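Accompanying notes for the structure given below.
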Amino acid sequence: MHDVVIIGGGVIGLLSALRLSEQGCKPLILDAPVSAPPASWAGGGILSALFPWRYSDALTALTREARHAYERLSAQVIDAGGADLQVEPCGMLVISVPDAAAARAWGERHRIFLGEVAGDSIVPDLSGETAVWMPQVANVRNPLILTGVRYLLAARGIVPQAAAVEHMRRISQGWQIQAGGTVLQARQVLIAAGSWSARILSLLGVEVPVLPVKGEMLLYPATVPAPPCIILSSKGYVIPRRDGQMLVGSTLSEGEWDQRPSEAAYTTLREAAPNIWPALAEVVPVAHWAGLRPGSPRDIPWIGEVPAQQGLFLATGHYRNGLVSAPATADLVVALMRGEQPQIDPAPYSFSSSSPP
């Protein structure tokens with residue numbers, strides 16, 4: 001019997017496995033990367049919520065230390081002989097902000113610096129319109145996080161198994177799971193399978209309102225200068241990468257399971273790109289991809305034990321904030337699984353909480 005089985009090989013499942021391994025546990029990770037790929041690799045890697053003042057304080061609690069957490073993780077991976085995760089503290093300039101007063105109030109309440117500036121004072125090629133400047137925001141290369149954490153786990157003898165969950169049931173000592181034609185037993189189970197979490201829970205007759213929200217991105221080559229920072233507007237965002245290439249994103253399509261990139265999204269992003277960063281007007285993207293975010297009716301995820309299902313834990317519904325919330329989510333859910341007092345109040349994220357404070 002396994003101590004813990006983690007269902008889901010995205011960044012939350014992998015970081016939870018790493019936290020457990022650091023406490024002497026050797027979890028088994030079940031992943032289905034072909035039929036149910038994680039959204040973790042597909043996003044832009046901005047280590048802040050978009051327009052963070054528009055979210056609840058409970059979301060800020062999960063996201064505010066993300067940059068430092070990934071800087072520590074990158075150092076850990078490098079020290080172990082792996083590749084740099086490319087955490088870039090370039091800052092984020094939010095342009096055309098209609099609710100700057102709310103942004104100021106949020107920053108003051110959480111002691112997070114942001115300033116109202118003329119956009120061209122940070123990025124000379126932009127207009128002088130008033131913008132919100134967040135110099136502490138960083139971005140990171142999503143696929144490198146997944147590769148780096150897998151590298152650390154492999155050194156501890158933990159390698160995800162490619163198997164989709166077919167059946168689950170409660171047994172006297174924990175849980176029985178059928179996956180990939182194999183029957184497993186575990187004392188505890190963590191479901192961190194993103195958009196597919198609801199389907200897995202439905203095997204037990206448990207409902208959680210998590211549905212896919214498809215998002216698509218474009219990658220632009222380094223044929224024109226990239227902006228010196230992330231630029232965010234109501235039309236989307238442009239993210240400069242270390243290699244000079246730029247990401248432009250992203251679209252939203254609720255309830256869509258089709259993971260193939262669409263022509264409609266390509267057109268939308270091509271039109272948005274030069275409105276955010278004018279230098280991209282004549283540049284042709286070199287890549288286009290899609291991912292499925294786990295959307296939900298509320299602006300914070302579900303994290304904690306599933307009611308009436310002892311030993312079954314859930315971490316899903318992060319929507320657009322999975323990567324930035326992942327380190328704190330892993331810390332929180334692992335503390336709950338180990339019966340320890342978490343550093344973040346778990347109450348807002350529980351099933352008994354329908355809406356955050």
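This structure is a prediction, so every number in the text was calculated from the model and none was measured.
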Between side-chain atoms of residues 175-184 and protein atoms elsewhere (two or more places apart, or another chain), which donor-acceptor pairs fall under 3.5 Å?
unit_1	atom_1	unit_2	atom_2	d
W175	NE1	Q310	O	3.0
Q176	OE1	R169	NE	3.0
Q178	NE2	E166	OE1	3.0

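Listed by chain and number, the residues in a salt bridge (Lys or Arg N to Asp or Glu O under 4.0 Å) with R19 are D331 (sequence neighbours excluded). Applying the salt bridge (Lys or Arg N to Asp or Glu O under 4.0 Å) test to E271 and every residue at least two apart in sequence or in another chain returns nothing. Qualifying side chain to side chain donor-acceptor pair (under 3.5 Å) partners for E65, counting only residues two or more places apart in sequence or in other chains: none. For W41, there are no side chain to side chain donor-acceptor pair (under 3.5 Å) partners at least two apart in sequence or on another chain. Partners of R270 by salt bridge (Lys or Arg N to Asp or Glu O under 4.0 Å), not counting sequence neighbours: none found.
Hydrophobic cluster of V159: no remaining members, since no ILVMFWY side chain lies below 4.5 Å from it. Residue V248 is found in a hydrophobic cluster whose other members, listed by chain and number, are L93, I95, V117, I122, V123, L126, W133, L218, Y220, V224, I231, V238, M246, Y266, L269, I276, W277, L280, V283, V284; membership requires side-chain heavy atoms under 4.5 Å apart, directly or through intermediates. Within the hydrophobic cluster formed by Ile, Leu, Val, Met, Phe, Trp and Tyr side chains joined at under 4.5 Å, directly or through other members, M1 is accompanied by I171.
Each ring pair (Phe, Tyr, Trp, His ring centres under 6.0 Å) pair with one or both residues in residues 196-215, not counting sequence neighbours, appears once here: W196-W257. Residues in residues 203-216 take part in these side-chain hydrogen bond (donor to acceptor under 3.5 Å, both in side chains) pairs, two or more places apart or across chains: K214-E256, E216-S262, E216-H288. For residues 315-328, the pairs satisfying side-chain hydrogen bond (donor to acceptor under 3.5 Å, both in side chains) are S197-T316, S250-R320, H318-T329, with sequence neighbours left out.
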